[in-house]
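Encoded as C-alpha coordinates, the structure appears first; notes follow it.
The sequence lines fix the lettering, A, B, ..., with proteins before strands; numbering per chain opens at 1.
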There are 2 protein chains.
Amino acid sequence: MPTVSSEELAAAAGVNSAKLRKDFSYLGSYGTRGVGYDVEYLVYQISRELGLTQDWPVVIVGIGNLGAALAGYGGFASRGFRVAGLIDADRAMTGKQVAGLTVRHTDELEPLIKESGVSIGVIATPAGAAQAVCNRLVEAGVTSILNFAPTVLNVPEGVDVRKVDLSIELQILAFHEQRKAGEEAELREAEAAAAGQGGKPAADAVARPAARKKRTGQGPDGDVPAVMPA
Amino acid sequence: MPTVSSEELAAAAGVNSAKLRKDFSYLGSYGTRGVGYDVEYLVYQISRELGLTQDWPVVIVGIGNLGAALAGYGGFASRGFRVAGLIDADRAMTGKQVAGLTVRHTDELEPLIKESGVSIGVIATPAGAAQAVCNRLVEAGVTSILNFAPTVLNVPEGVDVRKVDLSIELQILAFHEQRKAGEEAELREAEAAAAGQGGKPAADAVARPAARKKRTGQGPDGDVPAVMPA
DNA sequence: ATGCCTTTGTGAACGCGTGCACAAAGATGG
DNA sequence: CCATCTTTGTGCACGCGTTCACAAAGGCAT
(Lines give C-alpha, C1' and ligand atoms only; values in the text may rest on other atoms or scores of the structure.)
Protein backbone atom coordinates (compact mmCIF):
# COMPACT_ATOMS: atom_id res chain seq x y z
CA MET A 1 0.00 0.00 0.00
CA PRO A 2 2.00 2.99 -1.23
CA THR A 3 -0.57 5.63 -0.34
CA VAL A 4 -3.36 6.29 2.18
CA SER A 5 -6.24 8.75 2.32
CA SER A 6 -7.01 10.79 5.40
CA GLU A 7 -10.33 8.95 5.54
CA GLU A 8 -8.71 5.52 5.85
CA LEU A 9 -6.21 6.74 8.40
CA ALA A 10 -8.91 8.44 10.44
CA ALA A 11 -11.08 5.32 10.46
CA ALA A 12 -8.13 3.22 11.61
CA ALA A 13 -7.25 5.65 14.37
CA GLY A 14 -10.85 6.27 15.38
CA VAL A 15 -10.76 10.01 14.85
CA ASN A 16 -12.30 12.56 12.55
CA SER A 17 -10.69 12.81 9.13
CA ALA A 18 -10.84 16.60 9.08
CA LYS A 19 -8.92 16.75 12.34
CA LEU A 20 -6.32 14.41 10.99
CA ARG A 21 -5.86 16.51 7.86
CA LYS A 22 -5.65 19.70 9.88
CA ASP A 23 -3.07 18.15 12.19
CA PHE A 24 -1.01 17.05 9.21
CA SER A 25 -1.26 20.52 7.76
CA TYR A 26 0.27 21.93 10.94
CA LEU A 27 3.23 19.64 10.43
CA GLY A 28 3.53 20.89 6.90
CA SER A 29 2.90 17.39 5.61
CA TYR A 30 1.77 17.61 2.08
CA GLY A 31 -0.53 15.02 0.59
CA THR A 32 -1.61 14.81 -3.02
CA ARG A 33 -5.17 15.83 -3.81
CA GLY A 34 -7.18 13.08 -5.35
CA VAL A 35 -4.68 10.48 -4.15
CA GLY A 36 -3.83 10.82 -0.48
CA TYR A 37 -0.60 10.72 1.49
CA ASP A 38 2.51 8.83 0.43
CA VAL A 39 3.00 6.39 3.29
CA GLU A 40 6.78 6.29 3.36
CA TYR A 41 7.15 10.03 3.14
CA LEU A 42 4.48 10.58 5.78
CA VAL A 43 6.09 8.14 8.18
CA TYR A 44 9.42 9.84 7.75
CA GLN A 45 8.00 13.32 8.24
CA ILE A 46 6.11 12.39 11.40
CA SER A 47 9.09 10.46 12.76
CA ARG A 48 11.36 13.41 12.24
CA GLU A 49 8.88 15.86 13.70
CA LEU A 50 8.47 13.68 16.78
CA GLY A 51 12.20 13.24 17.18
CA LEU A 52 12.20 9.53 16.39
CA THR A 53 15.03 9.92 13.90
CA GLN A 54 17.30 11.30 16.58
CA ASP A 55 19.31 9.30 19.04
CA TRP A 56 18.34 10.05 22.63
CA PRO A 57 20.74 8.67 25.22
CA VAL A 58 18.92 8.05 28.49
CA VAL A 59 20.12 7.26 31.98
CA ILE A 60 18.00 5.20 34.38
CA VAL A 61 18.56 5.77 38.08
CA GLY A 62 17.32 3.21 40.57
CA ILE A 63 17.56 -0.37 39.32
CA GLY A 64 14.88 -2.08 41.33
CA ASN A 65 12.10 -4.03 39.71
CA LEU A 66 10.78 -0.97 37.90
CA GLY A 67 14.19 0.23 36.77
CA ALA A 68 15.02 -3.23 35.47
CA ALA A 69 11.69 -3.40 33.67
CA LEU A 70 12.39 -0.07 32.01
CA ALA A 71 15.93 -1.10 31.07
CA GLY A 72 14.55 -4.12 29.28
CA TYR A 73 11.57 -2.39 27.73
CA GLY A 74 11.53 -3.18 24.03
CA GLY A 75 9.66 -0.11 22.94
CA PHE A 76 12.52 2.29 23.64
CA ALA A 77 14.97 1.32 20.91
CA SER A 78 12.41 1.67 18.13
CA ARG A 79 11.53 5.17 19.31
CA GLY A 80 15.07 6.45 19.16
CA PHE A 81 15.92 5.97 22.83
CA ARG A 82 19.13 4.31 23.89
CA VAL A 83 19.83 3.38 27.48
CA ALA A 84 23.24 4.95 28.00
CA GLY A 85 23.61 3.71 31.53
CA LEU A 86 22.05 2.21 34.66
CA ILE A 87 22.74 3.76 38.03
CA ASP A 88 21.98 2.42 41.50
CA ALA A 89 22.98 3.61 44.96
CA ASP A 90 23.27 0.07 46.32
CA ARG A 91 26.87 -1.11 46.05
CA ALA A 92 25.62 -4.68 45.99
CA MET A 93 24.09 -3.90 42.59
CA THR A 94 27.24 -2.35 41.14
CA GLY A 95 28.70 -4.44 38.34
CA LYS A 96 25.61 -6.60 37.91
CA GLN A 97 24.20 -7.17 34.45
CA VAL A 98 20.64 -5.96 33.85
CA ALA A 99 19.11 -6.17 30.40
CA GLY A 100 22.58 -6.53 28.91
CA LEU A 101 24.00 -3.46 30.64
CA THR A 102 26.27 -3.13 33.63
CA VAL A 103 24.88 -1.33 36.66
CA ARG A 104 27.11 1.49 37.87
CA HIS A 105 27.23 3.19 41.22
CA THR A 106 25.77 6.62 41.86
CA ASP A 107 29.30 8.02 42.09
CA GLU A 108 29.59 7.56 38.34
CA LEU A 109 26.42 9.48 37.56
CA GLU A 110 28.01 12.77 36.55
CA PRO A 111 30.79 11.36 34.36
CA LEU A 112 28.28 9.07 32.62
CA ILE A 113 25.98 11.97 31.80
CA LYS A 114 28.81 14.10 30.47
CA GLU A 115 30.50 11.35 28.46
CA SER A 116 27.33 10.13 26.81
CA GLY A 117 25.73 13.52 26.34
CA VAL A 118 22.61 12.45 28.24
CA SER A 119 19.87 15.05 28.40
CA ILE A 120 17.03 12.82 29.60
CA GLY A 121 16.98 11.07 32.96
CA VAL A 122 14.60 8.47 34.36
CA ILE A 123 14.10 8.27 38.11
CA ALA A 124 12.91 4.89 39.38
CA THR A 125 14.18 5.17 42.92
CA PRO A 126 12.20 5.08 46.17
CA ALA A 127 10.42 8.33 46.98
CA GLY A 128 12.96 9.36 49.59
CA ALA A 129 15.89 9.40 47.18
CA ALA A 130 14.15 11.02 44.24
CA GLN A 131 14.76 14.70 44.95
CA ALA A 132 18.46 14.20 45.66
CA VAL A 133 18.89 12.22 42.45
CA CYS A 134 16.94 14.86 40.58
CA ASN A 135 19.22 17.61 41.86
CA ARG A 136 22.32 15.73 40.77
CA LEU A 137 20.85 15.02 37.34
CA VAL A 138 19.99 18.67 36.78
CA GLU A 139 23.34 19.79 38.10
CA ALA A 140 25.07 17.46 35.64
CA GLY A 141 23.16 18.92 32.71
CA VAL A 142 19.99 16.83 32.35
CA THR A 143 17.07 19.00 31.20
CA SER A 144 14.24 16.46 31.01
CA ILE A 145 13.24 14.05 33.76
CA LEU A 146 10.77 11.20 33.81
CA ASN A 147 9.80 10.57 37.43
CA PHE A 148 8.30 7.27 38.56
CA ALA A 149 8.83 7.98 42.25
CA PRO A 150 5.70 9.06 44.12
CA THR A 151 7.01 12.54 44.91
CA VAL A 152 6.67 15.97 43.40
CA LEU A 153 10.08 17.13 42.24
CA ASN A 154 11.29 20.70 42.48
CA VAL A 155 13.37 21.74 39.51
CA PRO A 156 14.77 25.05 38.26
CA GLU A 157 13.33 26.92 35.29
CA GLY A 158 14.00 25.26 31.95
CA VAL A 159 13.89 21.68 33.20
CA ASP A 160 10.89 19.54 32.22
CA VAL A 161 9.53 16.92 34.56
CA ARG A 162 6.86 14.35 33.80
CA LYS A 163 5.48 12.30 36.65
CA VAL A 164 4.16 8.82 36.05
CA ASP A 165 1.93 7.43 38.77
CA LEU A 166 1.06 3.85 38.00
CA SER A 167 -1.84 3.87 40.42
CA ILE A 168 -3.59 6.75 38.70
CA GLU A 169 -4.45 4.62 35.71
CA LEU A 170 -5.93 2.01 38.02
CA GLN A 171 -7.76 4.81 39.77
CA ILE A 172 -9.40 5.85 36.54
CA LEU A 173 -10.44 2.30 35.76
CA ALA A 174 -11.86 1.92 39.26
CA PHE A 175 -13.78 5.15 38.84
CA HIS A 176 -15.46 3.89 35.70
CA GLU A 177 -16.01 0.53 37.32
CA GLN A 178 -17.79 2.30 40.16
CA ARG A 179 -19.91 4.19 37.68
CA LYS A 180 -20.91 0.96 35.97
CA ALA A 181 -21.88 -0.52 39.32
CA GLY A 182 -23.65 2.68 40.29
CA GLU A 183 -25.76 2.69 37.15
CA GLU A 184 -26.81 -0.88 37.73
CA ALA A 185 -27.71 -0.10 41.32
CA GLU A 186 -29.71 2.89 40.14
CA LEU A 187 -31.62 0.71 37.71
CA ARG A 188 -32.46 -1.76 40.47
CA GLU A 189 -33.48 1.11 42.73
CA ALA A 190 -35.73 2.54 40.04
CA GLU A 191 -37.37 -0.83 39.64
CA ALA A 192 -37.86 -1.12 43.38
CA ALA A 193 -39.38 2.37 43.47
CA ALA A 194 -41.72 1.45 40.66
CA ALA A 195 -42.82 -1.50 42.76
CA GLY A 196 -44.07 0.94 45.38
CA GLN A 197 -41.17 0.88 47.85
CA GLY A 198 -38.67 3.76 47.46
CA GLY A 199 -35.05 2.89 48.15
CA LYS A 200 -33.86 4.89 51.09
CA PRO A 201 -30.41 6.47 50.85
CA ALA A 202 -27.84 5.13 53.30
CA ALA A 203 -26.53 7.45 56.01
CA ASP A 204 -23.13 9.06 55.44
CA ALA A 205 -20.15 7.23 56.91
CA VAL A 206 -18.81 10.59 58.05
CA ALA A 207 -21.42 12.95 59.42
CA ARG A 208 -21.61 16.47 58.10
CA PRO A 209 -19.85 18.64 60.68
CA ALA A 210 -22.07 21.72 60.86
CA ALA A 211 -25.79 21.97 60.36
CA ARG A 212 -26.73 19.82 57.36
CA LYS A 213 -29.98 21.51 56.53
CA LYS A 214 -31.79 21.28 53.24
CA ARG A 215 -30.67 19.20 50.30
CA THR A 216 -31.71 20.19 46.83
CA GLY A 217 -33.83 17.14 46.97
CA GLN A 218 -33.36 15.07 43.87
CA GLY A 219 -29.95 13.56 44.66
CA PRO A 220 -28.90 11.48 47.65
CA ASP A 221 -25.27 11.57 48.70
CA GLY A 222 -24.59 8.28 47.01
CA ASP A 223 -25.07 9.84 43.60
CA VAL A 224 -22.56 9.34 40.85
CA PRO A 225 -21.21 12.62 39.51
CA ALA A 226 -22.46 14.14 36.30
CA VAL A 227 -18.95 14.49 34.95
CA MET A 228 -16.06 12.12 34.53
CA PRO A 229 -12.32 12.60 34.23
CA ALA A 230 -10.34 11.44 31.21
CA MET B 1 -6.48 23.16 60.29
CA PRO B 2 -10.13 22.16 60.39
CA THR B 3 -11.21 24.13 57.33
CA VAL B 4 -9.82 25.43 54.02
CA SER B 5 -10.97 28.02 51.54
CA SER B 6 -11.09 27.36 47.81
CA GLU B 7 -8.49 30.09 47.42
CA GLU B 8 -5.94 28.30 49.59
CA LEU B 9 -6.60 24.97 47.95
CA ALA B 10 -6.33 26.47 44.48
CA ALA B 11 -3.04 28.15 45.27
CA ALA B 12 -1.63 24.89 46.61
CA ALA B 13 -2.75 22.97 43.55
CA GLY B 14 -1.74 25.65 41.10
CA VAL B 15 -5.17 26.07 39.57
CA ASN B 16 -7.88 28.70 39.42
CA SER B 17 -10.06 28.94 42.51
CA ALA B 18 -13.23 29.35 40.46
CA LYS B 19 -12.53 26.12 38.60
CA LEU B 20 -11.92 24.35 41.87
CA ARG B 21 -15.19 25.58 43.32
CA LYS B 22 -17.06 24.64 40.18
CA ASP B 23 -15.57 21.16 40.21
CA PHE B 24 -16.56 20.71 43.84
CA SER B 25 -20.06 21.85 43.02
CA TYR B 26 -20.34 19.07 40.44
CA LEU B 27 -19.50 16.57 43.15
CA GLY B 28 -22.20 18.06 45.28
CA SER B 29 -19.64 18.95 47.94
CA TYR B 30 -21.02 21.72 50.01
CA GLY B 31 -18.77 24.22 51.68
CA THR B 32 -19.84 26.88 54.10
CA ARG B 33 -19.98 30.44 52.81
CA GLY B 34 -17.74 32.78 54.72
CA VAL B 35 -15.78 29.85 56.12
CA GLY B 36 -14.69 27.37 53.48
CA TYR B 37 -14.70 23.59 53.25
CA ASP B 38 -14.47 21.28 56.22
CA VAL B 39 -11.29 19.33 55.54
CA GLU B 40 -12.32 15.97 56.94
CA TYR B 41 -15.70 15.99 55.29
CA LEU B 42 -14.20 17.10 51.98
CA VAL B 43 -11.56 14.39 52.04
CA TYR B 44 -14.20 11.80 52.73
CA GLN B 45 -16.50 13.04 49.98
CA ILE B 46 -13.78 13.12 47.36
CA SER B 47 -12.45 9.75 48.44
CA ARG B 48 -15.88 8.20 48.17
CA GLU B 49 -16.58 9.81 44.83
CA LEU B 50 -13.29 8.54 43.46
CA GLY B 51 -13.86 5.08 44.84
CA LEU B 52 -11.02 5.22 47.36
CA THR B 53 -13.25 4.03 50.13
CA GLN B 54 -14.02 0.85 48.28
CA ASP B 55 -11.85 -2.24 48.20
CA TRP B 56 -10.74 -3.11 44.68
CA PRO B 57 -9.23 -6.57 44.34
CA VAL B 58 -6.83 -6.67 41.42
CA VAL B 59 -5.11 -9.51 39.61
CA ILE B 60 -1.71 -9.01 37.95
CA VAL B 61 -0.88 -11.30 35.04
CA GLY B 62 2.72 -11.64 33.91
CA ILE B 63 5.22 -11.49 36.77
CA GLY B 64 8.33 -10.29 34.99
CA ASN B 65 10.20 -7.22 36.11
CA LEU B 66 7.25 -4.98 35.46
CA GLY B 67 4.71 -7.28 37.07
CA ALA B 68 6.93 -7.60 40.13
CA ALA B 69 7.35 -3.83 40.27
CA LEU B 70 3.60 -3.37 40.16
CA ALA B 71 3.02 -6.05 42.80
CA GLY B 72 5.33 -4.17 45.15
CA TYR B 73 4.10 -0.70 44.31
CA GLY B 74 3.31 1.12 47.53
CA GLY B 75 0.78 3.50 46.08
CA PHE B 76 -1.86 0.86 45.50
CA ALA B 77 -2.88 0.03 49.03
CA SER B 78 -3.55 3.63 49.99
CA ARG B 79 -5.82 4.08 46.99
CA GLY B 80 -8.05 1.17 47.86
CA PHE B 81 -6.41 -1.40 45.63
CA ARG B 82 -5.53 -4.85 46.91
CA VAL B 83 -3.48 -7.29 44.89
CA ALA B 84 -5.66 -10.37 45.07
CA GLY B 85 -3.27 -12.55 43.13
CA LEU B 86 -0.25 -12.86 40.86
CA ILE B 87 -0.45 -15.03 37.75
CA ASP B 88 2.35 -16.19 35.45
CA ALA B 89 2.40 -18.69 32.61
CA ASP B 90 5.91 -19.88 33.44
CA ARG B 91 5.71 -22.95 35.67
CA ALA B 92 9.16 -22.11 37.02
CA MET B 93 7.58 -19.05 38.62
CA THR B 94 4.70 -20.92 40.22
CA GLY B 95 4.91 -20.92 44.00
CA LYS B 96 7.56 -18.22 44.20
CA GLN B 97 7.10 -15.32 46.56
CA VAL B 98 6.91 -11.86 44.99
CA ALA B 99 6.17 -8.83 47.14
CA GLY B 100 4.82 -11.12 49.84
CA LEU B 101 2.42 -12.98 47.56
CA THR B 102 2.63 -16.41 46.00
CA VAL B 103 2.74 -16.57 42.20
CA ARG B 104 0.11 -18.89 40.77
CA HIS B 105 -0.05 -20.54 37.40
CA THR B 106 -2.31 -19.35 34.59
CA ASP B 107 -4.51 -22.40 35.13
CA GLU B 108 -5.70 -20.82 38.37
CA LEU B 109 -6.69 -17.55 36.72
CA GLU B 110 -10.43 -18.19 36.49
CA PRO B 111 -10.94 -19.60 40.00
CA LEU B 112 -8.89 -16.75 41.46
CA ILE B 113 -11.02 -14.13 39.75
CA LYS B 114 -14.25 -15.75 40.83
CA GLU B 115 -13.22 -16.41 44.41
CA SER B 116 -11.86 -12.94 45.02
CA GLY B 117 -14.48 -11.07 43.03
CA VAL B 118 -11.85 -9.41 40.87
CA SER B 119 -13.20 -6.92 38.36
CA ILE B 120 -9.90 -5.23 37.41
CA GLY B 121 -7.02 -7.01 35.70
CA VAL B 122 -3.50 -5.81 34.97
CA ILE B 123 -1.66 -7.27 31.98
CA ALA B 124 2.13 -7.12 32.23
CA THR B 125 2.92 -9.97 29.88
CA PRO B 126 4.92 -9.87 26.64
CA ALA B 127 3.00 -8.51 23.68
CA GLY B 128 2.38 -11.92 22.18
CA ALA B 129 0.48 -13.27 25.18
CA ALA B 130 -1.58 -10.17 25.94
CA GLN B 131 -4.65 -10.76 23.79
CA ALA B 132 -5.06 -14.37 24.94
CA VAL B 133 -4.77 -13.29 28.59
CA CYS B 134 -7.20 -10.47 27.95
CA ASN B 135 -9.76 -12.87 26.49
CA ARG B 136 -9.54 -15.15 29.50
CA LEU B 137 -9.86 -12.22 31.91
CA VAL B 138 -12.96 -10.93 30.16
CA GLU B 139 -14.43 -14.40 29.93
CA ALA B 140 -13.94 -14.84 33.67
CA GLY B 141 -15.79 -11.61 34.43
CA VAL B 142 -13.17 -8.85 34.48
CA THR B 143 -14.61 -5.60 33.12
CA SER B 144 -11.63 -3.26 33.41
CA ILE B 145 -8.13 -3.93 32.09
CA LEU B 146 -4.90 -2.03 32.51
CA ASN B 147 -2.60 -3.03 29.65
CA PHE B 148 1.15 -2.57 29.83
CA ALA B 149 1.86 -4.80 26.83
CA PRO B 150 2.66 -2.93 23.62
CA THR B 151 -0.43 -4.21 21.80
CA VAL B 152 -3.89 -2.91 21.11
CA LEU B 153 -6.40 -5.20 22.79
CA ASN B 154 -9.75 -6.11 21.29
CA VAL B 155 -12.48 -6.34 23.88
CA PRO B 156 -16.27 -6.68 23.76
CA GLU B 157 -18.64 -3.82 24.53
CA GLY B 158 -18.76 -2.85 28.18
CA VAL B 159 -15.14 -3.65 28.97
CA ASP B 160 -12.79 -0.73 29.61
CA VAL B 161 -9.16 -0.90 28.57
CA ARG B 162 -6.43 1.59 29.39
CA LYS B 163 -3.09 1.19 27.67
CA VAL B 164 0.07 2.37 29.34
CA ASP B 165 3.03 2.85 27.04
CA LEU B 166 6.07 3.73 29.09
CA SER B 167 7.90 5.02 26.05
CA ILE B 168 5.24 7.60 25.23
CA GLU B 169 6.16 9.68 28.25
CA LEU B 170 9.79 9.62 27.18
CA GLN B 171 8.63 10.53 23.69
CA ILE B 172 6.93 13.64 25.00
CA LEU B 173 10.03 14.66 26.93
CA ALA B 174 12.17 14.11 23.85
CA PHE B 175 9.78 16.21 21.81
CA HIS B 176 10.16 19.14 24.16
CA GLU B 177 13.88 18.55 24.34
CA GLN B 178 13.99 18.79 20.56
CA ARG B 179 12.03 22.01 20.68
CA LYS B 180 14.44 23.48 23.19
CA ALA B 181 17.36 22.52 20.96
CA GLY B 182 15.51 23.80 17.90
CA GLU B 183 14.92 27.19 19.45
CA GLU B 184 18.58 27.53 20.34
CA ALA B 185 19.58 26.52 16.82
CA GLU B 186 17.13 29.06 15.44
CA LEU B 187 18.68 31.77 17.57
CA ARG B 188 22.16 30.87 16.35
CA GLU B 189 20.85 30.79 12.79
CA ALA B 190 19.26 34.19 13.19
CA GLU B 191 22.54 35.54 14.50
CA ALA B 192 24.40 33.99 11.59
CA ALA B 193 21.91 35.44 9.14
CA ALA B 194 22.32 38.84 10.76
CA ALA B 195 26.06 38.42 10.17
CA GLY B 196 25.36 38.14 6.43
CA GLN B 197 25.58 34.34 5.94
CA GLY B 198 22.18 32.55 5.88
CA GLY B 199 22.11 28.98 7.23
CA LYS B 200 21.13 26.64 4.42
CA PRO B 201 18.53 23.95 5.23
CA ALA B 202 19.76 20.37 4.98
CA ALA B 203 18.28 18.15 2.25
CA ASP B 204 15.57 15.68 3.30
CA ALA B 205 16.79 12.21 4.22
CA VAL B 206 13.84 10.81 2.28
CA ALA B 207 13.10 12.56 -0.98
CA ARG B 208 9.58 13.71 -1.74
CA PRO B 209 8.08 11.05 -4.02
CA ALA B 210 6.13 13.12 -6.54
CA ALA B 211 6.83 16.58 -7.80
CA ARG B 212 7.90 18.76 -4.87
CA LYS B 213 7.05 22.09 -6.40
CA LYS B 214 6.59 25.32 -4.56
CA ARG B 215 7.14 25.78 -0.85
CA THR B 216 5.32 28.53 0.94
CA GLY B 217 8.72 29.99 1.39
CA GLN B 218 9.28 31.00 4.97
CA GLY B 219 9.78 27.55 6.51
CA PRO B 220 12.40 24.94 5.63
CA ASP B 221 11.56 21.30 6.27
CA GLY B 222 13.56 21.31 9.46
CA ASP B 223 11.06 23.63 11.11
CA VAL B 224 9.67 22.89 14.49
CA PRO B 225 5.86 22.72 14.50
CA ALA B 226 3.71 25.54 15.72
CA VAL B 227 1.78 23.23 18.03
CA MET B 228 2.77 20.78 20.70
CA PRO B 229 1.08 17.77 22.26
CA ALA B 230 0.27 17.53 25.94
C1' DA C 1 -7.04 18.61 -24.38
C1' DT C 2 -11.11 18.42 -21.67
C1' DG C 3 -14.22 17.08 -18.25
C1' DC C 4 -15.15 14.24 -14.30
C1' DC C 5 -13.90 12.24 -10.03
C1' DT C 6 -11.37 11.94 -5.80
C1' DT C 7 -9.10 13.92 -1.96
C1' DT C 8 -6.69 17.63 0.17
C1' DG C 9 -6.36 22.00 2.71
C1' DT C 10 -8.78 25.44 5.21
C1' DG C 11 -12.26 29.23 6.39
C1' DA C 12 -16.19 29.33 9.29
C1' DA C 13 -19.37 27.59 12.81
C1' DC C 14 -20.14 25.03 16.74
C1' DG C 15 -19.45 23.24 21.44
C1' DC C 16 -17.04 22.85 25.64
C1' DG C 17 -14.11 23.99 29.29
C1' DT C 18 -11.99 27.84 31.82
C1' DG C 19 -12.02 32.23 34.08
C1' DC C 20 -14.43 36.41 35.59
C1' DA C 21 -17.45 38.74 38.41
C1' DC C 22 -21.20 39.08 41.41
C1' DA C 23 -25.27 37.88 44.16
C1' DA C 24 -26.56 34.94 47.95
C1' DA C 25 -25.48 32.89 52.29
C1' DG C 26 -23.55 32.25 56.47
C1' DA C 27 -20.50 33.84 60.28
C1' DT C 28 -19.13 37.34 63.43
C1' DG C 29 -19.06 41.44 66.20
C1' DG C 30 -21.33 45.33 68.10
C1' DC D 1 -30.99 42.08 65.95
C1' DC D 2 -28.56 44.38 62.51
C1' DA D 3 -24.44 45.58 59.88
C1' DT D 4 -20.37 44.04 57.90
C1' DC D 5 -17.17 40.85 56.19
C1' DT D 6 -15.78 36.58 54.14
C1' DT D 7 -16.36 32.91 50.99
C1' DT D 8 -19.24 30.01 48.27
C1' DG D 9 -21.93 28.85 44.14
C1' DT D 10 -22.92 30.06 39.49
C1' DG D 11 -24.54 32.83 35.22
C1' DC D 12 -22.04 34.73 31.53
C1' DA D 13 -18.34 35.66 28.31
C1' DC D 14 -14.18 34.46 26.22
C1' DG D 15 -10.93 31.37 23.83
C1' DC D 16 -9.55 27.11 21.94
C1' DG D 17 -10.04 22.79 19.76
C1' DT D 18 -13.07 20.02 16.89
C1' DT D 19 -16.09 19.44 13.11
C1' DC D 20 -18.43 20.82 8.94
C1' DA D 21 -18.47 22.03 4.37
C1' DC D 22 -16.55 23.54 0.21
C1' DA D 23 -13.30 25.44 -3.12
C1' DA D 24 -8.97 24.25 -5.22
C1' DA D 25 -5.97 20.86 -7.09
C1' DG D 26 -4.30 16.87 -9.02
C1' DG D 27 -5.16 12.31 -11.42
C1' DC D 28 -7.36 9.72 -14.98
C1' DA D 29 -10.23 8.32 -18.67
C1' DT D 30 -12.01 9.53 -22.97
| said: Counting only side-chain nitrogens and oxygens, does B/Y37 get under 4.0 Å of the OP1 or OP2 atom of D/dG9? | reply: yes
| query | Of all heavy-atom pairs between B/L153 and B/V161, which one has the smallest distance, and what is that distance? | reply | CD1-CG1, 4.3 Å
| message | I want to confirm an ordering. Mapping A/G34 and A/S25 to their closest nucleotides on DNA chain C, which one lands closer to the 5' end? | response | A/G34
| Closest nucleotide of DNA chain D for A/A18 versus for B/V4: which of these residues is on the 5' side? | B/V4
| said: Tell me whether the side-chain N or O atoms of A/R33 pair up with the base of C/dT8 as donor and acceptor below 3.5 Å, since no angle test is needed here. | reply: yes
| query | If we ignore angles and hydrogens, is there a donor and acceptor under 3.5 Å between the side chains of B/Q45 and B/Y41? | reply | yes
| said: Closest approach to the side chain of B/R21, judged atom by atom: which nucleotide of C/dT10, D/dT8, D/dG27 is it? | reply: D/dT8
| request: Calculate the interatomic distance between B/E7 atom CD and D/dT6 atom P; express it in whole Å. | output: 13 Å
| task | Could you tell me whether A/E8 atom CD has more than 12 heavy atoms of other residues or ligands within 6.0 Å of it? | result | yes
| task | Could you tell me the separation between the CG atom of A/D38 and the C1' atom of D/dG26, rounded to a whole number of Å? | result | 15 Å
| task | Calculate the interatomic distance between B/Y26 atom OH and C/dG17 atom P; express it in whole Å. | result | 8 Å
| request: In whole angstrom, give the distance that lies between atom CG of A/L42 and atom C1' of C/dT7. | output: 15 Å
| field | Euclidean distance, atom NZ of residue A/K22 to atom C1' of D/dC16 [Å, nearest integer] | value | 12 Å
| task | Can you tell me the distance, in whole Å, between the CG atom of A/D23 and the C1' atom of D/dC16? | result | 14 Å
| Hey, is the side chain of B/T32 poking within less than 4.0 Å of OP1 or OP2 on C/dG26, counting only N and O atoms? | no
| field | Sugar-phosphate only, base, or nothing, as touched by B/S17 at under 4.0 Å among non-hydrogen atoms | value | nothing
| query | Charged N to carboxylate O under 4.0 angstrom, A/D160 versus B/R179? | reply | no
| field | Chi angles and distances behind the salt bridge (charged side-chain N to carboxylate O under 4.0 Å, His left out) call for A/E177, A/K180 | value | CA-CA 5 Å; A/E177 195 69 28; A/K180 288 185 209 167; 3.5 Å; yes
| Between C/dA21 (C1') and B/K19 (NZ): distance, integer Å | 18 Å
| Quick one: B/F24 CZ to D/dT7 C1', roughly how many Å, whole number? | 14 Å
| task | Mind checking B/T3 for me? I need base, sugar-phosphate or nothing, with any heavy atom below 4.0 Å counting as a touch. | result | nothing
